[in-house]
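Each remark here refers to the structure printed beneath this line.
Reminder, nothing fancy here: chain letters follow the sequence lines and each chain counts from 1. Please read these numbers as outputs of a predicted model, since none were measured by experiment.
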Number of protein chains: 2
Amino acid sequence: MSQTVGRALSILEFLADEPRSLGQIADHLSVHKSTASRLLQTVEAQGFVRRDDRHIYRLGPRLLNLAFRTLAAMDVRVAAAPHLRRLGELTAQTVHLGVLDGGEVTYIDKHEGSQSVRMYSRIGKAAPLHCTGVAKAILAFRPDDERRVLAERIAYTPFTKRTITTPAAFLGELERIRTRGFAVDDREHEDFIHCVAAPIRSPEGEVSHGLSISTTTMSLSRKQLLELAPLLLETAATIEKELG
Amino acid sequence: MSQTVGRALSILEFLADEPRSLGQIADHLSVHKSTASRLLQTVEAQGFVRRDDRHIYRLGPRLLNLAFRTLAAMDVRVAAAPHLRRLGELTAQTVHLGVLDGGEVTYIDKHEGSQSVRMYSRIGKAAPLHCTGVAKAILAFRPDDERRVLAERIAYTPFTKRTITTPAAFLGELERIRTRGFAVDDREHEDFIHCVAAPIRSPEGEVSHGLSISTTTMSLSRKQLLELAPLLLETAATIEKELG
DNA sequence: CCCGACCGTTGCACATGTTGCAATGGCCAT
DNA sequence: ATGGCCATTGCAACATGTGCAACGGTCGGG
């Protein structure tokens with residue numbers, strides 16, 4: 001494990017939400033300012049950080065460049081993008097695409113329909129496995145032994161009164177999803193937000209991706225939300241067909 | 001300048017377009033595999049890199065997370081997003097938002113209308129100063145001395161037969177833009193692509209951002225493209241108003 | 001099944017790259 | 001003009017990163 005690299009990456013993290021001065025960065029790293037200055041010179045030279053004329057540092061365009069190149073290289077995301085958009089337009093709600101990777105599910109695309117509202121999700125953000133539609137939809141169709149291992153490893157943070165909090169309850173929910181063919185998050189992650197989500201199978205029949213429609217309980221009743229399931233499943237099937 | 005940090009960042013760059021093996025990464029860095037392995041352990045532990053069960057490395061979700069947090073913290077981008085979208089819907093073409101930063105213009109938002117086609121631009125990518133509409137629109141409204149300095153510093157790569165290739169011609173073009181109030185890229189960067197672009201002023205009256213509509217010469221004639229200028233300028237003005 | 005080739009990882013010693021200190025120069029407010 | 005704060009740079013000490021060698025795992029061929 002490289003201490004110096006860890007420090008540089010911590011700088012990137014620290015600058016993600018807000019620009020900072022050298023002093024703030026040095027304090028954050030618990031290093032001398034001269035050390036922080038040299039680290040910043042390196043990350044700045046490679047475009048990962050920019051500083052303005054008042055010596056305030058913020059993340060630079062290189063990071064955006066890498067991130068969007070990565071997104072552009074994701075086959076499933078590329079194939080799914082026009083369908084997400086169409087789904088968002090048809091439903092006017094927020095549509096997500098998530099991927100299971102290294103034991104967590106990450107949002108890799110999002111389309112906000114005309115009536116969508118602000119919610120937790122953002123591209124690059126982890127979707128908690130036990131209480132988000134997209135994560136549940138993916139996990140339900142993973143191999144048995146993997147489902148069991150993951151269920152034991154989850155920290156069952158209760159986000160709302162309705163959040164699933166035990167491995168047994170979670171595995172039961174995954175069984176219901178397998179039977180039904182799609183997942184429902186019924187205010188388990190955020191109060192007033194519910195969603196339906198479907199798995200997307202790869203050409204090899206493996207499920208690593210999921211597609212969801214999220215909305216507020218004020219916008220759509222549970223009944224209305226469930227009425228979107230056929231469209232959702234059809235969209236997932238269309239994406240699967242395009243994947244080959 | 002930190003050598004070790006530079007190596008780690010080079011790894012991130014190397015993995016942006018394609019997953020790689022440890023050996024490929026070590027070769028790329030010209031270091032021993034054990035050194036590369038340890039560097040990778042660090043960037044992996046912080047989520048910047050992921051590896052699969054066949055020991056193939058690729059960029060991880062942390063980078064996406066940072067990139068989208070950065071985008072969410074850009075006031076102008078946030079304010080402009082719904083307007084970009086509306087403009088894309090109204091025109092059916094590709095709409096861009098760029099920002100001048102550290103002597104280069106970077107695309108920070110993009111909306112593809114229903115008739116848009118693939119083109120060079122991507123969020124995070126630099127827009128060449130001398131031949132893209134959005135960059136020219138920004139530079140035209142920078143302070144005099146800055147315009148002059150930047151014009152001298154540009155490497156006038158001739159992307160097409162129509163690309164501006166001298167500082168004098170470039171400064172003349174910027175004068176025309178100042179007079180007209182908006183910029184035109186007439187196949188100067190990509191054959192068959194033309195666009196109109198407008199500056200976006202900050203509340204302090206400073207121009208660091210620009211908005212453009214890009215399309216193919218097959219989709220819209222020059223005349224039709226120019227007919228979009230009023231809508232473009234009106235959209236820029238609306239964004240400016242929202243910025244306060 | 002055995003062997004060889006290739007892979008990635010880890011302990012080790014040591015070379016070198018990183019670090020904090022002190023000095024310097026710049027900027028701003030009094 | 002002065003003092004305080006800032007960031008940067010030269011220096012030398014030393015902590016950490018490095019390559020080597022050994023190891024264990026996997027795969028393909030005989």
Side-chain angles (χ1 to χ4, degrees), chain A residues 1-60 62 101-103 143 145-146 149 204 206, chain B residues 1-60 62 101-103 143 145-146 149 204 206:
Chain A
M1 294 292 254
S2 164
Q3 185 180 68
T4 302
V5 169
R7 283 182 178 149
L9 298 180
S10 292
I11 288 173
L12 299 184
E13 289 275 1
F14 192 48
L15 293 178
D17 295 318
E18 190 181 341
R20 311 275 190 179
S21 66
L22 174 68
Q24 288 175 309
I25 294 164
D27 287 346
H28 182 70
L29 295 182
S30 302
V31 296
H32 194 270
K33 277 199 284 191
S34 64
T35 297
S37 180
R38 291 199 193 88
L39 289 172
L40 281 158
Q41 281 174 17
T42 306
V43 291
E44 187 182 357
Q46 296 206 31
F48 285 86
V49 164
R50 283 265 193 262
R51 76 176 154 173
D52 64 27
D53 45 8
R54 283 169 302 122
H55 288 294
I56 300 296
Y57 294 90
R58 64 187 187 283
L59 291 182
R62 204 72 209 154
D101 184 5
D145 51 338
E146 187 183 337
V149 168
E204 295 79 41
E206 203 176 85
Chain B
M1 292 293 251
S2 164
Q3 184 181 67
T4 302
V5 170
R7 284 182 174 148
L9 298 180
S10 292
I11 288 173
L12 299 184
E13 289 274 2
F14 192 48
L15 293 178
D17 295 318
E18 188 183 342
R20 310 274 190 179
S21 67
L22 174 66
Q24 288 175 309
I25 294 164
D27 287 346
H28 181 70
L29 295 182
S30 304
V31 296
H32 194 269
K33 275 201 284 190
S34 64
T35 298
S37 180
R38 292 197 192 89
L39 289 172
L40 281 158
Q41 281 173 17
T42 307
V43 291
E44 187 182 357
Q46 296 207 33
F48 284 87
V49 164
R50 284 264 193 264
R51 77 176 153 172
D52 64 27
D53 47 7
R54 283 169 303 124
H55 289 293
I56 300 298
Y57 293 91
R58 62 187 189 282
L59 290 183
R62 205 67 209 158
D101 184 4
D145 51 339
E146 187 181 335
V149 168
E204 295 78 41
E206 204 177 84

Heavy atoms, side chains only, cut-off 4.5 Å: are [X] and [Y] in contact?
{"X": "B:Leu39", "Y": "B:Leu29", "answer": "yes"}
{"X": "A:Ser10", "Y": "B:Gln46", "answer": "yes"}
{"X": "A:Tyr57", "Y": "A:Arg51", "answer": "yes"}
{"X": "A:Leu15", "Y": "A:Arg58", "answer": "no"}

Nearest-0.5 Å distance, [atom1] of residue [X] to [atom2] of residue [Y]:
{"X": "B:Ser34", "Y": "B:Leu22", "atom1": "OG", "atom2": "CG", "result": "9.0 Å"}
{"X": "B:Glu44", "Y": "B:Thr42", "atom1": "CD", "atom2": "OG1", "result": "10.0 Å"}
{"X": "A:Ile25", "Y": "A:Arg20", "atom1": "CD1", "atom2": "CZ", "result": "8.5 Å"}

A:Val5 or A:His32, whichever maps to the more 5' nucleotide of DNA chain D: A:His32

A:Arg51 vs A:Ser2, nearer the 5' end of DNA chain D by closest nucleotide: A:Arg51

Write down the distance between [atom1] ([X]) and [atom2] ([N]), rounded to a whole number of angstrom.
{"X": "A:Ile56", "N": "D:dC5", "atom1": "CD1", "atom2": "P", "value": "17 Å"}
{"X": "B:Ile25", "N": "C:dT9", "atom1": "CD1", "atom2": "P", "value": "10 Å"}
{"X": "B:Arg7", "N": "D:dG19", "atom1": "CZ", "atom2": "C1'", "value": "11 Å"}
{"X": "B:Asp53", "N": "C:dG8", "atom1": "CG", "atom2": "P", "value": "14 Å"}
{"X": "B:Asp52", "N": "C:dG8", "atom1": "CG", "atom2": "C1'", "value": "14 Å"}
{"X": "A:Met1", "N": "D:dT18", "atom1": "CE", "atom2": "P", "value": "14 Å"}
{"X": "B:Gln3", "N": "C:dA15", "atom1": "CD", "atom2": "P", "value": "16 Å"}
{"X": "A:Leu40", "N": "C:dT18", "atom1": "CG", "atom2": "P", "value": "14 Å"}

Those residues of residues 10-17 of chain B lying under 4.0 Å from DNA chain D by at least one heavy atom: none

Output yes when at least one side-chain N/O atom of [X] is less than 4.0 Å from OP1 or OP2 of [N], else no.
{"X": "B:Arg54", "N": "C:dG8", "value": "no"}
{"X": "A:Ser37", "N": "D:dT8", "value": "yes"}
{"X": "B:Gln41", "N": "C:dT10", "value": "yes"}

Sugar-phosphate, base or nothing in reach of A:Thr4, heavy atoms under 4.0 Å: sugar-phosphate

Nearest listed nucleotide, side chain of B:Ser34, among C:dG20, D:dC20, D:dT18: D:dC20

Nucleotide nearest A:Lys33 when distance is taken to its side chain, options D:dC6, D:dT9, C:dT9: D:dC6

DNA chain C: 5'-proximal contact among B:Ser21 and B:Arg38 (nearest heavy atom): B:Ser21

